[in-house]
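Predicted, not measured: the structure shown is a model, and the values here were computed from it.
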Amino acid sequence: MYQLIIADDEKIIREGLKNVVDWKTLGFDIAEIFTDGQEIIEYLEYAVPDVILTDIKMSHISGIDIAKHVFDHKLPCKVVLVSGYQEFELALSGIKYGAEDYLLKPIDVDNLTQTFHKLKEELDQKRQQDLKAQEEKDRMQEAIPLLEERFFSDLILGVAGSEDYIKSRMSLLYPQMDMNHCHCLLADIYIKNYQDFMENIWQYNYDQFEINILHFLQIWHREMSFHLVFKSAEVLEIFGILVKQTGESDPREVCRREMDSLVQELMSSFKFQADYEMKQIYPNIFEINHIQESLFSQGYSEESLKQHLQEQKKLIMSNISLGNMVTAQKIFHSIMEELSTAPSIFRNNFVIEILSTMNAVIKEVNVKLSDSLRNYFNYSLVLSFQGTEEIKAYCDRIFDRIKLAEEKKEYYDTTALISKAKRYIIDNLDKDISQEETANQLFICSSYLSRLFKKQTGENFTQYVTKMKMEKAVELLKNPQYKTYQVSEALGYKTPRYFSRLFRMQTGMNPSEYRGKVLNIGGVAD
């Protein structure tokens, strides 16, 4: 129903306008009835109806004044004027202020009904447009974190695409930024005491740690903005972009200073010990796409090198799982460029590792395609290759075969991946199940698992794990022999307090209350 207010200084006309038609059938509720335009002006201070039906001439404030007020204040409501024949010229001036229509006295019911039918259609159309616009805005707001994550990952791998594509993405993320003068950095943060920290200091689960790191970076508002590109155990790969260009300091020094501050703040807030390795500082966002040096000539530490390659391999598998073969192939070519000066035995063995994992992933999502590719995976032949061009040509045949399956609509069954993830969760409810470890079981990136999980199930990974654990908790609570802390331990939680908090969030009660009120189990079990 749309809200309608009526105004006329003659009671008989007010009553007539109120009762002459069935407003509810037309789609309108009468919110208020007024005797003068002044009352409407006051009403508009705290409420805006959808339509104002008002006499053009009233004692103090006229219908024309109302139309002008609505027009000047850009209020989202429509004005319909009621006038006598002799007020025709006055009615035309009301149209100038955006009045939708004018009705001549005495009111013709058919004309009134026709006018409000038309208004209802216009309001319906506007409501649909507003709804679509809001949905689009909500989708954009929801997509921005995923856009950030994927965009910066693709960017540092050299597969983000053209400068126009980079500009379009950056304009969404940083609309006020001068993209030609925005220094960026790529760095790895190493948590030195990671295992001890996770086991003895961090009181929550593994995934909550990554979530808190992401939140920390989101609220970091200094000279640089930071994004978590990858996380794997103790390594956090960070992308930073200089958002404040003061011109007073050397931007490269600002980048180093900001990374020093970031690491210090992380250590202070999370109580772990960490150090970082600055991989690269770029003069602007576009240079990242242009620089494609060999990994073996960049001075990477051995640990950083392994981490970098493994993350790229997981990105290939993630894109294959989702059917993004063009992107997967680009990432593979990027790896080959980076390994151009590597010893052939190292390079070829890593390619075999990629192909064997690819074979396993394809088997999970498309058994028919996996069978057709069996003859393509000749690892002995790969070991014999001397150069990257031979390897690229050989592997491109595999990518082309998979892309052909796409063109033939041999779709991937991504539900199989989620089913495997769910099986892994159910089989490991007694452990601290992390999204990262589950993704590793599927050979894909944690972020891709998160996206795919939400799409397939309607809930995120952590919500699903918590739900499954709480269902298991209810089973265990039915046994009076188990105390709350024992149930907590049996589900892999570090503290009974954290377990109780999650249980209350899921059920509205703590475990003891649930036992007494729902399971009707008394006693002193807790």
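- At distances below 3.5 Å, not a single donor-acceptor pair connects side-chain atoms of Asn359 with backbone N or O atoms of Leu355.
- Glu390 contributes a side-chain N or O that, together with a main-chain N or O of Gln386, makes up a donor-acceptor pair within less than 3.5 Å.
- Scanning all heavy atoms of the two residues, the minimum distance from Ala274 to Val263 falls at O-CG1, 4.1 Å.
- Two residues are said to be in side-chain contact when any heavy atoms from C-beta on lie closer than 4.5 Å; Ile354 and Ile335 meet this criterion.
- How far CG of Leu369 is from CD1 of Ile402: 6.0 Å, rounded to the nearest 0.5 Å.
- Annotation: side chain of Tyr206 is not in contact with side chain of Glu437 (no heavy-atom distance under 4.5 Å).
- Listed for the Glu265 side chain is no donor-acceptor partner under 3.5 Å among the backbone atoms of Leu262.
- Using a 4.0 Å cut-off between a side-chain N of Lys or Arg and a carboxylate O of Asp or Glu, Asp130 and Arg127 do not qualify as a salt bridge.
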| request: Decide yes or no on side chain to side chain contact (heavy atoms under 4.5 Å, CB included) for Asn378 and Tyr394, but give the supporting numbers first. | output: CA-CA 10 Å; Asn378 187 335; Tyr394 177 80; 3.4 Å; yes

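- Other residues, nucleotides and ligands contribute more than 12 heavy atoms inside 6.0 Å of the NZ atom of Lys392.
- The pair Lys192-Glu234 does not meet the salt-bridge criterion, since no charged nitrogen lies less than 4.0 angstrom from a carboxylate oxygen.
- Aromatic ring centres of Phe209 and Tyr204 lie farther apart than the 6.0 Å criterion allows.
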| message | Using the rule given for side-chain hydrogen bond (donor to acceptor under 3.5 Å, both in side chains), can you reason through Gln195 versus Glu199, listing the C-alpha separation, both sets of side-chain angles and the distance that settles it, and then say yes or no? | response | CA-CA 6 Å; Gln195 283 305 124; Glu199 291 172 8; 3.2 Å; yes

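- The nearest pair of heavy atoms linking Glu258 to Glu223 is OE1-N, 3.3 Å.
- Side-chain contact check for His181 and Asp178: at least one donor-acceptor pair (N or O, by modelled atom type) lies under 3.5 Å.
- The shortest side-chain heavy-atom distance between Phe350 and Ile345 does not fall under the 4.5 Å cut-off.
- In this structure, Gln506 contributes its side chain and Met470 its backbone to no donor-acceptor pair below 3.5 Å.
- No side-chain heavy atom of Tyr424 sits less than 4.5 Å from a side-chain heavy atom of Leu442.
- The shortest side-chain heavy-atom distance between Lys314 and Ile444 does not fall under the 4.5 Å cut-off.
- Here the straight-line distance linking atom NE2 of His73 with atom CD of Glu45 works out to 7.0 Å at 0.5 Å rounding.
- Judged by distance alone, with hydrogens and angles left aside, the side-chain atoms of Ser450 form no donor-acceptor pair with the main-chain N or O of Ser446 at under 3.5 Å.
- No donor-acceptor pair closer than 3.5 Å links the side chain of Asn319 to the backbone N or O of Val326.
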| task | Report the C-alpha distance between Phe377 and Ser356 in whole Å, list the side-chain angles of each, state the deciding distance to 0.1 Å, and finish with yes or no for side chain to side chain contact (heavy atoms under 4.5 Å, CB included). | result | CA-CA 8 Å; Phe377 293 100; Ser356 62; over 6 Å; no

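- Taking 4.0 Å as the cut-off between side-chain N and carboxylate O, Lys68 and Asp72 count as a salt-bridged pair.
- Atom-to-atom distance recorded for Ile238:CD1 and Leu186:CG is 9.5 Å, nearest 0.5 angstrom.
- Using the six-membered ring where Trp is involved, Tyr498 and Tyr493 have ring planes that are perpendicular, over 60° apart on the 30 and 60° scheme.
- Using a 4.0 Å cut-off between a side-chain N of Lys or Arg and a carboxylate O of Asp or Glu, Lys467 and Glu459 qualify as a salt bridge.
- Looking only at distances, no side-chain donor or acceptor of Ser268 sits under 3.5 Å from a matching main-chain atom of Gln264.
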| field | Glu353 vs Gln310, side-chain hydrogen bond (donor to acceptor under 3.5 Å, both in side chains): CA-CA, chis, key distance, verdict | value | CA-CA 10 Å; Glu353 185 180 331; Gln310 288 303 319; 2.9 Å; yes

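- Between Trp202 and Phe197, the two ring planes are tilted [angle within 30° to 60°].
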| task | Would you sort out whether Lys455 and Ile418 count as a side chain to side chain contact (heavy atoms under 4.5 Å, CB included), showing the intermediate values? | result | CA-CA 10 Å; Lys455 183 179 179 181; Ile418 299 305; over 6 Å; no

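- Ion pairing of Lys279 with Asp188 is present here, as a side-chain N (NZ or NE/NH1/NH2) and a carboxylate O approach within less than 4.0 Å.
- Taking each heavy atom of Met259 and Ala187 in turn, the nearest pair found is CE-CB, 3.8 Å.
- Of all non-hydrogen atoms in Lys472 and Leu491, the two that sit nearest each other are CG-CD2, 3.6 Å.
- Around CZ of Arg504, the count of heavy atoms belonging to other residues, nucleotides or ligands within 6.0 Å exceeds 12.
- Side-chain contact between Gln280 and Leu185 is absent, with no heavy-atom pair separated by less than 4.5 Å.
- No hydrogens or angles considered: a donor-acceptor pair under 3.5 Å links the side chains of Asp124 and Tyr2.
- The main-chain N or O of Thr462 is never found under 3.5 Å from a side-chain atom of Asp207 such that the two would form a donor-acceptor pair.
- When ring centroids are compared, Tyr464 and Phe453 come within the 6.0 Å threshold.
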| request: Before giving the answer on side chain to side chain contact (heavy atoms under 4.5 Å, CB included), spell out for Phe332 and Phe399 the whole-Å C-alpha distance, their side-chain angles and the decisive distance to 0.1 Å. | output: CA-CA 10 Å; Phe332 178 78; Phe399 282 110; 3.9 Å; yes

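- Using a 4.5 Å heavy-atom cutoff, the side chains of Phe499 and Lys469 are not in contact.
- Other residues, nucleotides and ligands contribute more than 12 heavy atoms inside 6.0 Å of the NZ atom of Lys420.
- Rounded to the nearest 0.5 angstrom, Asp196 CG and Gln273 CD are separated by 10.5 Å.
- Between Glu338 and Arg347 there is no salt bridge, since none of the side-chain N atoms of the basic residue sits less than 4.0 Å from a carboxylate O of the acidic one.
- Note: His333 NE2 to Met336 CE = 9.0 Å, rounded to the nearest 0.5 Å.
- Closest approach of Ser269 and Phe216 over heavy atoms only: OG-CE1, 3.6 Å.
- Not less than 6.0 angstrom separates the ring centroid of Tyr276 from the ring centroid of Tyr190.
- Here the shortest heavy-atom pairing between Leu242 and Met177 reads O-CE, 3.8 Å.
- At least one side-chain heavy atom of Met358 sits less than 4.5 Å from a side-chain heavy atom of Ile398.
- In this structure, the separation between OH on Tyr194 and CG on Leu236 is 8.5 Å, given to the nearest 0.5 Å.
- Counting only distance, with no hydrogens or angles, the side chain of Asn348 and the backbone of Ser384 share no donor-acceptor pair below 3.5 Å.
- Distance alone, capped at 3.5 Å, places no donor-acceptor pair between the Asn428 side chain and the Lys431 backbone.
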